[in-house]
Amino acid sequence: MTPFKRLIAWPVVAAAGFFPVPVSASYPWNFPAPVTPIARETLHVHDIFLEIIVTIFLLVLSVFLYSIFRHRKSRGYPAAKFTKPRTPLQWALISIPFLILTFIDYVILGVPAYHAVLALANTHNSRMVVRITGSQWKWQYAYPGLGIKYISRLSTPEDQIDNEDPKGPHFLRQVNHPLVLPVNEKIRLLVTSDDVLHSWWVPAFGVKQTAVPGFLRSTWVNIDKPGVYRGQCASLCGIGHAFMPIVVVAKSQAGFQRWVAKEQTAEAEQVAETSVTMTKAALLAHGQKVFQNNCSVCHQATGLGIPGTFPPIAAGHPFQAAPQMTQAIQKRGFYKNGVIVIGPVANHIRIVLHGIPGTPMPAFASQLSDVDIAAVITYERNSFGNHTGDVVQPEEVRNARQEH
Ligand code: HEC
Ligand SMILES: [Cu+2]
């Protein structure tokens with residue numbers, strides 16, 4: 001808070017006879033300690049607000065309780081016939097509180113709140129951009145200037161979620177690949193979505209940005225303390241909404257540069273892999289992981305899907321759904337006579353790359369590498385009781401990508 005605003009705020013607080021205690025001390029039920037300018041500003045507005053309303057509440061309550069006690073009358077006493085203020089004193093007694101409240105709302109809180117809103121929208125002078133894409137049910141992070149791009153998803157083991165193992169300290173708030181950002185640098189975050197509304201929310205940053213499909217919304221952070229910060233998707237986005245947490249690791253500049261170098265090598269290795277022919281065993285092993293991480297939320301770990309909604313992967317398995325849906329699946333070659341069949345490889349690759357528009361089946365072209373997609377298709381065609389024997393190589397996926 002600037003000295004000017006302090007000057008307006010304190011007399012009111014002091015006049016109320018309330019000695020301000022720092023509300024933002026780290027009580028377990030308070031906001032997490034703020035680590036960005038925006039978080040500090042918004043927390044400040046909250047703190048002044050809390051101090052003022054608690055003061056007014058206590059004052060009014062004590063006058064109230066005192067009056068009830070002091071002016072109590074016996075049963076049968078005729079009630080006053082007061083209907084509206086008449087004397088100048090009575091008018092003063094209602095207009096002064098009204099003016100005080102207006103002043104508190106529009107000046108003491110209004111000015112810093114307005115300032116915080118403007119500051120939040122001011123993404124100028126940012127030295128770095130990160131693109132954040134929400135999708136059901138994971139976050140994709142891309143660093144356009146650095147050629148780094150990856151998916152961050154929940155890493156809490158299934159057994160903890162099913163109450164079979166004791167829950168860890170970061171239950172449902174841990175991910176396989178956190179967003180890594182440098183400290184003391186203004187970073188612009190461009191937030192969007194692949195499918196439905198999501199919301200990227202990290203309380204310690206004071207940032208909560210709705211991810212809207214088809215729009216790029218921007219916000220920014222400037223983190224001043226290295227550490228691990230956790231958040232969650234804050235917009236109900238479907239069955240996996242509670243399972244797409246956010247973890248941000250803030251590193252020193254040097255630490256960040258080391259991380260960038262490591263990521264870039266990893267991406268380069270992945271590109272090199274694409275031109276290598278992989279063995280069926282390697283594809284199956286990798287494909288199983290890709291399936292568990294990306295497909296099992298809908299098609300289920302058993303590959304049996306959910307009746308009416310998510311078709312099974314297992315051939316010969318019956319699938320009941322609305323006729324439009326089963327007809328559409330049949331047209332793509334994956335359904336016949338009431339049961340699932342395994343359609344042509346080319347369609348399979350196309351479906352996984354580009355999704356099925358207008359249905360929840362997502363496009364994985366931007367989320368999975370050629371190796372991932374080749375592996376998951378090989379896995380689907382040779383697991384869950386499927387025995388096509390087909391092996392799809394990364395190169396086929398790469399060619400299919402270029403066709404489109
Ligand atoms: C968000 C839910 C969701 C996820 C995640 C998902 N799918 Fe699907 N998938 C669907 C739905 C729904 C359909 C059926 C769409 C329709 O025809 O209405 C479908 C259809 C398919 C089809 C077409 C065959 C058929 O039975 O219709 C294939 C192949 C497929 N998915 C593979 C995958 C693979 C591989 C992954 C993981 C890389 C995956 N899906 C992840 C929801 C999902
Ligand atoms: Cu979400």
Side-chain angles (χ1 to χ4, degrees), residues 132-140 151-154 191-201 208-213 231-246 286-301 303-315 317-319 321-336 339-369 372-381 383-384 386 392 397:
I132 300 176
T133 310
S135 52
Q136 285 173 323
W137 289 283
K138 57 199 166 242
W139 294 100
Q140 298 172 55
I151 293 172
S152 176
R153 64 168 65 81
L154 181 71
V191 181
T192 185
S193 164
D194 264 356
D195 35 48
V196 299
L197 294 181
H198 299 272
S199 181
W200 197 84
W201 177 43
K208 186 201 232 170
Q209 178 62 62
T210 311
V212 187
Q232 265 136 342
C233 175
S235 183
L236 190 54
C237 57
I239 192 170
H241 170 58
F243 306 98
M244 50 183 295
I246 296 156
H286 184 59
Q288 182 177 22
K289 272 192 247 149
V290 177
F291 186 85
Q292 277 163 359
N293 286 336
N294 298 279
C295 322
S296 65
V297 271
C298 296
H299 296 289
Q300 304 298 297
L304 296 183
I306 294 179
T309 323
F310 300 126
I313 299 297
H317 196 85
F319 179 57
Q324 305 93 292
M325 186 171 179
T326 48
Q327 276 158 22
I329 302 177
Q330 177 146 8
K331 225 165 99 195
R332 288 190 294 270
F334 284 80
Y335 192 76
K336 215 171 173 181
V339 300
I340 292 291
V341 294
I342 294 295
V345 175
N347 286 4
H348 206 154
I349 297 178
R350 204 172 319 121
I351 289 170
V352 179
L353 272 177
H354 307 297
I356 302 176
T359 81
M361 174 64 198
F364 285 96
S366 67
Q367 303 180 14
L368 298 178
S369 68
D372 294 338
I373 294 179
V376 79
I377 293 177
T378 305
Y379 176 72
E380 284 193 341
R381 299 181 80 85
S383 310
F384 310 114
N386 303 335
V392 175
V397 179

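When a ligand or atom number is given, it counts from 1 through the structure's own listing order. Fair warning: this is a prediction, and the values are worked out from it, not measured in the lab.
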Query raised in the report: Between the main-chain N or O of S199 and the side-chain N or O of T210, is there a donor-acceptor pair closer than 3.5 Å?
Result: no

Query raised in the report: Any idea which atoms of ligand 1 are less than 4.0 Å away from a heavy-atom of V352?
Result: 35 (C)

Query raised in the report: So which of the N, O or S atoms of H198 lies nearest the Cu ion (ligand 2)?
Result: ND1

Requested in this report: For atom 8 (Fe) of ligand 1, decide whether C295 has an N, O or S atom at a distance under 2.8 Å.
Outcome: no

Report task. May I ask you to check if ligand 1 and T309 share an N or O to N or O distance below 3.5 Å? Result -> no

Query raised in the report: Would a 4.5 Å heavy-atom cut-off, applied to side chains only, mark V345 and R381 as touching?
Result: yes

Query raised in the report: Given SD of M361 on one side and NE2 of H299 on the other, what angle do they make at atom 8 (Fe) of ligand 1, to 10°?
Result: 180°

Query raised in the report: Just wondering, do I239 and W137 contact through their side chains at under 4.5 Å, heavy atoms?
Result: yes

Query - Element-labelled atoms of ligand 1 that are located less than 4.0 Å from some non-hydrogen atom of F310 - result: 2 (C), 12 (C), 42 (C)

Report summary line: So CD1 of I373 and NE2 of H348: to nearest 0.5 Å the spacing works out to 10.5 Å

Report summary line: among protein heavy atoms, the one nearest atom 35 (C) of ligand 1 is E380 OE2, 3.0 Å

Query raised in the report: Which residue from T359, L353, I239, I313 reaches closest to atom 18 (O) of ligand 1 through any of its heavy atoms?
Result: T359

Query - Apex the Cu ion (ligand 2); atoms C237 SG and C233 SG; angle rounded to 10 degrees - result: 120°

Query raised in the report: With a cut-off of 2.8 Å, does any N, O or S atom of H241 fall short of it relative to the Cu ion (ligand 2)?
Result: no

Query - Flag, side chain of H198 to backbone of S235, donor-acceptor distance under 3.5 Å - result: no

Query raised in the report: Which value, rounded to the nearest 0.5 Å, describes the distance between L154 atom CG and M244 atom CE?
Result: 10.5 Å

Query - Side-chain donor or acceptor of H299 paired with backbone N/O of P311 under 3.5 Å - result: yes

Query raised in the report: Where the side chain of N386 meets the backbone of A315, is there a donor-acceptor pair that is under 3.5 Å apart?
Result: yes

Query raised in the report: So, for F384 and Y379, is the gap between ring centers shorter than 6.0 Å?
Result: yes

Query raised in the report: Does some non-hydrogen atom of P360 fall short of 4.0 Å from ligand 1?
Result: yes

Report summary line: Of H348, Q327, Q136, the one whose closest heavy atom lies nearest atom 29 (C) of ligand 1 is H348

Query raised in the report: Is the Cu ion (ligand 2) under 2.8 Å from any N, O or S atom of M244?
Result: yes

Query raised in the report: Are I329 and F319 side-chain neighbours, meaning at least one heavy-atom pair lies under 4.5 Å?
Result: yes

Query raised in the report: When you measure from atom 11 (C) of ligand 1 to each heavy atom in P311, A321, C298, which option holds the nearest one?
Result: P311

Query - Top protein contact for atom 23 (C) of ligand 1, by heavy-atom distance - result: I351 CD1, 3.8 Å

Query raised in the report: Tell me, do I356 and P362 make a side-chain contact under 4.5 Å, heavy atoms counted?
Result: no

Requested in this report: Give the residue, atom name and distance (to 0.1 Å) of the protein heavy atom nearest atom 5 (C) of ligand 1.
Outcome: N294 O, 3.2 Å

Query raised in the report: What is the closest protein heavy atom to atom 27 (O) of ligand 1, and at what distance does it sit?
Result: I329 CG2, 3.2 Å

Query raised in the report: For ligand 1, which part of Y335 has a heavy atom less than 4.0 Å away: the side chain, the backbone, both, or neither?
Result: neither

Query raised in the report: N/O of R332 under 3.5 Å from N/O of ligand 1, yes or no?
Result: yes

Query raised in the report: Short question: side chain of Q232, backbone of A242 - any donor-acceptor pair under 3.5 Å?
Result: no

